[in-house]
Amino acid sequence: MRLSDTIFALASGAGRAAISLLRLSGPDSALVLTRLAGRLPRPRQASLRRLRHPETGELLDEALLLWFPAPRSYTGEDSAELHLHGGRAVLEGVSAALLACGARPAEPGEFTRRAFLNGRLDLTAAEGIADLIDAETAAQRRQALRQAGGALAARYAGWGERLTRLLAHQEASIEFAEDGIPNDLDDEVRQGAATLAAEIAAHLADGGRGERLREGLWAAIIGAPNAGKSSLLNALAGREAAIVSARAGTTRDVVEVRLDLGGVPVLLADTAGLRDTPDEIEAEGVRRARRRAEEADLVIALFAADAAPDAETLALLRPGTVVVANKVDLAAPPASIGGIAPIALSARDGTGLDALRSLLEREAQSRAGLSEEASLTRPRHRAALGEAVDWLEEAQRAPLPELAAESLRAALRSLGRLTGRVGVEQVLDVVFGDFCIGK
Ligand SMILES: Nc1nc2c(ncn2[C@@H]2O[C@H](COP(=O)(O)OP(=O)(O)OP(=O)(O)O)[C@@H](O)[C@H]2O)c(=O)[nH]1
């Protein structure tokens, strides 16, 4: 990937469409656009132009052009958008003309990569843009927009700056000690490292909500055979995803549907009815059901109101499990199951379904909804921040100022990996800006 290349790519979806959007970016963009369209449009103003092949002069399309000179563009380079008619032949003709002008097809993510390299966004914002494109629910969109807008970037950059300052002070204390000047910078640094470590640790202790919202929550319905698990899954999904039958032991494997529960994407699994069975295939289904219940972020334990609660399902109840008494059209629900008041439901006639859905939405949002503060969204973030906390703690324990400085530098590198930003030059800037060391 060379920044000296001028690249282009279809930015809109592939296939026949009213309009196709081609993007162009790189140092030769002005030249390429001029050869195709005769002259450059005014910056950031839509202009209708005839596009011709630069060698044959053949008319390719009449298109709307947008010209974004550097640095005020998405990539930070000279770039342009070509709004073409969305036919295949148009796209092929214009692509061939761009190739003839020396531009090359972009690699996946190359526009955003260039934006990052040109300092237009940090790594977390770039990830936010990828998430925005993948967002399936409103809450995912909000989280991605916030991250793409730099909410995490700003927070991590703030921590990076504080860390840089701590490191600068630590370096200064070492210099002062050499010169025999008394100072209490060491204590200051230790105190600062402790405060910062606590702040980062609090950000990490968010129950993984940002990651869950990005990836989707895992939910599972468990219960005895014939309790109505498949009926409930179908009712929540609004379609016949799982087979419903009066025969106990119908569901053998895990059946999954995707739901949007209050903006949180949820992968809901119907599982095999929990019971001891000599049937080998069903027994494997029961094992999978138990595993699924263990792994799930949200468990719905379903009991039939017209039967005594079964011991297998009762044994899997945990704090936070949603307990449901189904078939209330046949019998009144018990007041309590395993010490929890159940939601009364009839998957057959729909009684209680809205109440259950609202409860599930609240539960999903409390586990993965948007919090007031921007949450981290990837294991990569968690790992880098965890490392930074470890190094900050190491710095507080360090027996020598030189070792404390080394640990702070390592913490800074961890944050730097997260944002792709913090470099040594910044430390030097602070060292020489804050202190007149005079050497
Ligand atoms: N009367 C009544 N019958 C129900 C209700 N929900 C489910 N059923 C019936 O109960 C039987 C079992 O329903 P399923 O949804 O297949 O139950 P399941 O828990 O998935 O069963 P397994 O796959 O064997 O574990 C079917 O005959 C359903 O029609 C309900 O609310 N009321």
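In each ligand, atom 1 is the first atom listed, and ligand 1 is the first ligand listed. Side-chain atoms are counted along with the backbone in the values below, which use heavy atoms only and exclude waters and symmetry mates.
- Within 4.0 Å of ligand 1, counting heavy atoms only, the contacting residues are A224, P225, N226, A227, G228, K229, S230, S231, V244, S245, A246, R247, A248, G249, T250, T251, G273, N326, K327, D329, L330, S346, A347, R348.
- For the pair R23 and F68, the cation-pi criterion (under 6.0 Å, within 45° of the ring axis) is not fulfilled.
- With W67 as the aromatic partner, R42 does not meet the cation-pi criteria of under 6.0 angstrom to the ring centre and within 45 degrees of the ring axis.
- Take R397 and apply the side-chain hydrogen bond (donor to acceptor under 3.5 Å, both in side chains) test, not counting sequence neighbours, and it matches E394.
- Remark: D270 pairs with K229, S230, L233, A242, T251, V255 by the side-chain contact (heavy atoms from CB on, under 4.5 Å) rule, at least two apart or across chains.
- If you run salt bridge (Lys or Arg N to Asp or Glu O under 4.0 Å) between E387 and each of R413, R382, R417, only R417 comes through.
- Under the ring-ring contact (aromatic ring centres under 6.0 Å, His included) criterion, H53 pairs with no residue, sequence neighbours left out.
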